Engineer: 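Below is a structure I'd like to ask you about.
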Number of protein chains: 2
Amino acid sequence: MSVSEKTTYRPPSLPQISVGGFWRTRIAAVRDHTAPVLYERAIEAGTLDQVDVDRPVPDLRIPIGPWGGTQQMFWDSDLGKIIETYAYLVSEKRDPEIEERVDYLVGLLKKLQQPDGYLNSWFTHMEPGKRWTNLRDWHELYNAGHLLEGAVAYYQATGKRDFLDIMERYVDHIAERFGTGDGQTRGYPGHEELELALMSLYRLTGDRKRLDLASYFIDERGRRPHFFEAEAAARGETSYDGPGANHEYNHSHKPVREQDKVVGHAVRAMYLYSGMADVAMETGDDSLRQALDRLWDDLTSKRLYITGGIGPSKENEGFTADYDFPNETAYAETCAAIGLVFWARRMLGFGPNTRYADVMEQALYNGVLSGMSLDGTKFFYENPLESRGNHHRWKWHACPCCPPNLARLTASIGTYIYGQAEDAIAVHLYAESAGRFDIAGGKVVLTQATRYPWDGTVEIRVGVDNAGPFTLSARIPGWSRGATARLNGETVDVDANVKNGYLALTRQWRDGDVLVLHIPLEPRILWAHPEIRQDAGRVALARGPLLYCLETADNPFSLNRVRLRPDTVIASEFRQDMLGGVTVLKANAGLAATDDWGTTLYREKAPIVVDATITAIPYFAWDNRRGGEMLVWLPAAGAGT
Amino acid sequence: MSVSEKTTYRPPSLPQISVGGFWRTRIAAVRDHTAPVLYERAIEAGTLDQVDVDRPVPDLRIPIGPWGGTQQMFWDSDLGKIIETYAYLVSEKRDPEIEERVDYLVGLLKKLQQPDGYLNSWFTHMEPGKRWTNLRDWHELYNAGHLLEGAVAYYQATGKRDFLDIMERYVDHIAERFGTGDGQTRGYPGHEELELALMSLYRLTGDRKRLDLASYFIDERGRRPHFFEAEAAARGETSYDGPGANHEYNHSHKPVREQDKVVGHAVRAMYLYSGMADVAMETGDDSLRQALDRLWDDLTSKRLYITGGIGPSKENEGFTADYDFPNETAYAETCAAIGLVFWARRMLGFGPNTRYADVMEQALYNGVLSGMSLDGTKFFYENPLESRGNHHRWKWHACPCCPPNLARLTASIGTYIYGQAEDAIAVHLYAESAGRFDIAGGKVVLTQATRYPWDGTVEIRVGVDNAGPFTLSARIPGWSRGATARLNGETVDVDANVKNGYLALTRQWRDGDVLVLHIPLEPRILWAHPEIRQDAGRVALARGPLLYCLETADNPFSLNRVRLRPDTVIASEFRQDMLGGVTVLKANAGLAATDDWGTTLYREKAPIVVDATITAIPYFAWDNRRGGEMLVWLPAAGAGT
């Protein structure tokens with residue numbers, strides 16, 4: 001590997017990390033409920049009828065399951081993500097039943113694979129003869145990517161090579177077909193994803209060809225003559241008004257190094273940028289990194305919901321205009337927020353920096369976690385910031401991308417908590433956990449004891465076996481004020497030791513050293529940038545990494561009648577009895593009265609405001625009780641005066 | 001006619017009224033621009049290829065015109081409305097060129113008419129054999145209604161009987177086919193409209209059969225067994241998820257006398273209620289009137305935009321939930337606001353009452369007028385209350401219902417200004433105009449001199465020739481405060497003489513009597529009912545009947561950055577140079593600053609508010625200059641404190 005291990009931070013492997021506390025309950029929900037649900041519903045939706053070549057070819061005209069869907073071109077990808085989820089669960093705790101299921105699926109894929117290595121259920125079983133004719137729309141390389149990620153994860157978890165071998169053969173086939181060489185097609189994925197998957201494979205095997213193929217896909221993207229245009233012409237397509245007609249939709253409007261606006265389909269964007277970051281990190285390619293930083297700036301300064309959600313529009317499943325954040329109709333697809341976590345984690349590979357970690361945490365605790373019900377059985381595709389009571393999680397979906405994406409991220413959350421370099425460990429997220437690292441020539445164990453995100457006290461106990469000096473970087477979240485630290489009881493000057501928002505302590509650590517951090521989690525009242533028209537005169541509540549919202553269940557009045565004074569004192573209260581245990585926020589607020597309006601809809605006299613108490617819950621936990629309204633941005637009293 | 005002429009108020013015929021001032025410029029735009037545009041674009045869209053049976057049958061697979069539409073089942077209706085518009089223009093001023101065009105169209109319809117009287121271009125020329133098989137969706141009776149209205153208007157304008165004869169034969173055919181008698185089908189229109197058209201015919205000819213058919217359609221609607229279900233079963237339809245699947249969509253969910261919520265497709269609702277009001281007025285049927293009053297209450301207390309627009313949702317082109325008024329995505333179809341004007345005018349038939357007239361005026365000056373560019377060449381289908389600059393009037397539309405609807409209403413506006421009973425005249429709208437009435441046994445001429453809606457002074461000069469005592473009712477708009485009146489220079493005690501919001505003066509009027517009204521047009525700052533979540537913490541500006549909005553052209557900053565104090569003094573200024581001459585409103589306001597935000601999207605510190613001046617224009621005149629934002633509901637400073 002070409003770039004110094006000193007300056008690049010890699011996520012630990014999953015077996016290195018044990019997770020407890022808050023995230024343990026999320027992992028348990030995935031293990032106990034989501035994992036079986038993924039499989040059962042995929043079967044009910046007909047996925048295996050498509051993948052298993054021994055079964056009759058499914059009739060596309062017949063709706064399947066209670067969702068009324070049909071077979072889909074992208075189902076291989078969901079299978080890949082399911083296997084990946086199962087791999088993470090097995091990695092944490094071997095489970096013969098899960099492995100048996102995966103091995104069965106791998107067997108089906110083996111039967112599906114063509115003699116030349118090609119592997120795709122749609123173009124083998126459903127529509128043979130059309131393979132590689134529409135990279136723009138037909139998700140072929142995207143499917144390959146997700147299957148590959150599943151194969152890498154399953155090999156890492158179990159040491160079983162079957163799936164990995166299948167996928168290496170398929171990747172060989174792809175590498176032969178696509179490239180700049182004689183007889184090769186200069187194509188690249190319409191839906192990005194394979195790039196980052198190839199980098200996982202590269203990191204596993206060290207086989208440079210995988211890196212080269214990922215680099216090729218990234219470098220080729222957006223060049224002229226435009227591949228998708230040439231490909232469309234070859235199909236005899238004379239006009240096209242699908243989403244891909246606008247090359248911004250799939251980020252092929254210009255070469256990636258020239259891109260500076262986050263545009264188009266949000267999930268695709270995140271996967272592309274993740275792949276770019278992987279390549280930049282492994283090759284040290286500064287031109288890619290510079291493009292990524294420009295894109296990061298653009299996203300975080302103009303196109304990021306306060307939930308960490310991205311992509312406001314359903315139309316292109318993606319980005320619209322700067323500062324455009326519709327609340328009730330927010331698309332903010334769960335998978336897009338997950339993709340942002342992927343990208344942010346990779347940017348942390350260039351070194352600890354709250355610029356990236358803050359956004360990773362923001363997306364994780366809000367726009368990602370909201371995608372799944374607390375029990376792990378129901379899912380949001382869209383994550384609005386306001387609901388009049390008609391938006392609920394579904395059991396399954398014609399495009400079931402989000403549930404397995406949520407499951408694989410949650411099941412592998414341990415690898416997001418820490419980053420490791422040759423002689424450094426970064427703590428990116430605070431979470432009850434233990435991490436084991438081989439660094440600085442020895443072994444280091446970090447044990448975090450914390451009730452985070454409910455409590456801001458974090459005790460990090462350091463176990464050292466034979467390791468030399470190393471740097472321990474502990475994140476001071478950008479939203480916190482007055483964080484303090486004590487090392488073995490002695491006050492540490494945080495301000496003097498902060499670098500890029502991390503308290504960085506380089507020393508010869510001793511076994512039994514204890515670093516205690518206090519991250520104040522005072523409730524915050526937040527305003528949106530004045531260019532965000534939808535949030536004008538409104539405020540949102542947050543505490544620590546958590547964004548809050550009101551629900552009818554706790555606030556029995558129309559939520560937009562609330563008038564919150566920006567100087568109101570907000571009280572926090574941990575409620576074990578609510579929503580699996582959450583800290584709620586309570587405040588006195590005004591409530592616009594309705595009883596003096598009669599049948600009048602519009603009048604000259606301002607509403608009379610009476611006293612009320614409001615109770616806010618973490619945004620991720622909404623829609624887990626009886627229906628009703630939900631609201632993030634509350635009308636402010638005395639707004640902007 | 002069965003109901004006393006004493007207590008029912010009928011609109012005057014168009015030739016009775018001369019219109020000047022504000023409405024003259026609107027009529028001139030219709031005469032000079034809209035009228036030719038309607039015809040040219042209908043031809044360009046292929047309408048005549050469908051109507052003219054001598055032409056080849058159009059190929060439905062070939063898109064037509066720059067709008068990419070295809071032939072449509074409802075185009076007969078647009079033809080009917082075009083002819084009706086032309087009739088009103090001819091009625092005001094004979095025009096051989098226009099008449100020649102109408103006569104040509106009538107000739108086509110004559111050729112199209114079947115031996116049994118049936119008349120429909122789609123089911124004769126496009127898809128013969130399918131007639132009367134889907135009243136729910138296929139607009140057959142709706143088309144008949146609009147053609148009939150056109151025929152009545154053209155006969156009234158010219159005395160030419162051809163079109164009327166054609167339509168009487170068609171109505172005979174319909175009456176034979178539909179009804180409760182032996183061998184008849186118990187059907188009724190899926191898209192209501194024919195009911196009110198039959199009432200126009202009844203009023204013209206006095207032929208009781210027309211009233212009976214209208215009553216039948218109204219009485220039959222929503223009965224069980226449900227006709228649309230039986231009809232669908234007869235077609236072999238086993239499932240249906242189109243909009244009509246919900247019987248609320250076309251108001252057949254229950255018998256009309258049991259309906260108390262304004263639901264479903266907004267235009268259809270307004271046309272149904274208009275027909276019901278016509279029947280109630282002509283028959284004195286109190287059970288219909290009671291239902292109408294319940295529906296009116298529901299609409300005006302829970303489902304009416306401040307623009308007079310109705311029907312917030314694009315999905316069903318209609319109503320959603322109480323107090324649901326999205327601004328940026330408001331559907332508020334122009335035709336629906338026009339339909340509301342139709343209904344309100346008919347409710348005024350039961351006697352002068354500002355309850356109805358205020359809403360008629362509100363819709364007319366705002367949600368209706370906004371539908372057309374000032375020059376009469378471009379049209380809105382949707383009328384949002386906020387735009388980020390991407391909503392503009394179009395030249396034509398695949399469903400071109402709004403332009404001819406706007407044109408026929410504008411060209412006949414004179415008939416909306418006054419109402420006449422046996423010995424009474426009501427002035428519903430103030431407008432430079434003259435009206436000639438045969439009442440109280442003689443002739444009465446009313447001449448209104450006024451710059452309304454820019455100025456609130458209205459001079460009504462009374463000319464009397466041989467008439468006995470009569471009541472002159474002059475509306476005191478519900479939004480006005482402190483209106484005064486002088487009769488021949490003497491102060492009239494307005495409060496003592498107001499009945500249902502009209503200053504009602506019963507006396508032996510003398511030739512040359514002058515009633516001068518002063519309706520104060522102070523700018524008003526309006527709040528929305530606290531249940532309207534989209535307008536929380538916001539205010540709107542109005543002056544007289546006009547709602548105002550901000551546009552970027554006058555306010556070079558993002559409009560949602562404005563913070564308006566509810567106690568701000570608003571200045572009015574008439575600007576002859578702007579938008580054809582409008583009164584603008586000016587005020588000092590706050591403006592949320594952006595320069596101290598840097599790359600921050602969300603922060604704890606409230607925005608800094610700096611001073612700015614805002615200029616508002618009448619809502620109807622927006623999008624007549626260069627593009628940019630538009631906003632009706634402005635964030636209030638000190639909202640609700």
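Model, not experiment: these values are computed from the prediction. No hydrogens, no waters, no symmetry mates; every other heavy atom, side chains included, goes into these values. The sequence lines fix the lettering, A, B, ..., with proteins before strands; numbering per chain opens at 1.
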Engineer: Tell me whether B/Arg543 contacts the main-chain N or O of B/Leu521 through its side chain, where contact means a donor paired with an acceptor under 3.5 Å.
Structural biologist: yes
Engineer: I'd like to know which of B/Ala536, B/Pro326, B/Ala321 tops the heavy-atom pair count under 4.5 Å against chain A.
Structural biologist: B/Ala536
Engineer: Are A/Asn246 and A/Asn316 packed together at the side-chain level, in the sense that at least one heavy-atom pair is separated by less than 4.5 angstrom?
Structural biologist: no
Engineer: State, to 0.1 Å, how close A/Ala637 and A/Pro566 come at their nearest heavy-atom pair, and which atoms those are.
Structural biologist: O-CD, 3.3 Å
Engineer: Need one label for B/Arg303: side chain, backbone, both or neither, based on atoms under 4.5 Å from any heavy atom in chain A.
Structural biologist: backbone
Engineer: Among A/Leu631, A/Leu526, A/Val562, which residue forms the greatest number of heavy-atom pairs with chain B at distances under 4.5 Å?
Structural biologist: A/Leu526
Engineer: Does any N or O in the side chain of A/Glu328 come within less than 3.5 Å of the main-chain N or O of A/Glu386, such that one atom is a donor and the other an acceptor?
Structural biologist: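 Such a contact is absent between A/Glu328 side chain and A/Glu386 backbone.
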Engineer: In terms of heavy-atom proximity below 4.5 Å to chain B, should A/Ala593 be classed as side chain, backbone, both, or neither?
Structural biologist: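 Backbone of A/Ala593 only, per the 4.5 Å heavy-atom cut-off to chain B.
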Engineer: Non-hydrogen atoms of chain B under 4.5 Å away: do they reach the side chain of A/Phe557, the backbone, both or neither?
Structural biologist: neither
Engineer: Are any of the side-chain nitrogens in B/Arg481 or B/Glu522 under 4.0 Å away from the carboxylate oxygens of its partner?
Structural biologist: no
Engineer: Can A/Asn327 and A/Asp535 be counted as having a side-chain donor-acceptor contact under 3.5 angstrom?
Structural biologist: yes
Engineer: Which bit of A/Asp297 comes within less than 4.5 Å of chain B, counting heavy atoms only: side chain, backbone, both or neither?
Structural biologist: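 Contact with chain B is absent: no heavy atom of A/Asp297 under 4.5 Å.
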Engineer: Measuring heavy-atom distances to chain B, does A/Thr300 have an atom under 4.5 Å in its side chain, in its backbone, in both, or in neither?
Structural biologist: backbone
Engineer: Closer than 3.5 angstrom, by distance alone: can the side chain of B/Asn366 be matched with the main-chain N or O of B/Gly308 as a donor-acceptor pair?
Structural biologist: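 Checking the backbone N and O of B/Gly308 against the side chain of B/Asn366, no donor-acceptor pair under 3.5 Å is found.
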Engineer: Sort A/Ile525 into side chain, backbone, both or neither according to what part of it lies under 4.5 angstrom from a heavy atom of chain B.
Structural biologist: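 Interface part for A/Ile525: backbone (N, CA, C, O).
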Engineer: Identify which of A/Ile306, A/Thr594, A/Val539 forms the greatest number of heavy-atom pairs closer than 4.5 Å to chain B.
Structural biologist: A/Ile306
Engineer: What part of A/Ile532 gets closer than 4.5 Å to chain B, counting heavy atoms only: side chain, backbone, both or neither?
Structural biologist: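 Just its side chain gets close to chain B.
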Engineer: Under a 4.5 Å cutoff for heavy-atom pairs, which residue among B/Ser558, B/Ser301, B/Pro635 has the most contacts with chain A?
Structural biologist: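 Most heavy-atom pairs within the cutoff with chain A belong to B/Ser301.
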Engineer: Keeping the roles fixed (side chain from B/Arg603, backbone from B/Ala606), state whether a donor-acceptor pair exists under 3.5 Å.
Structural biologist: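 Answer holds: yes.
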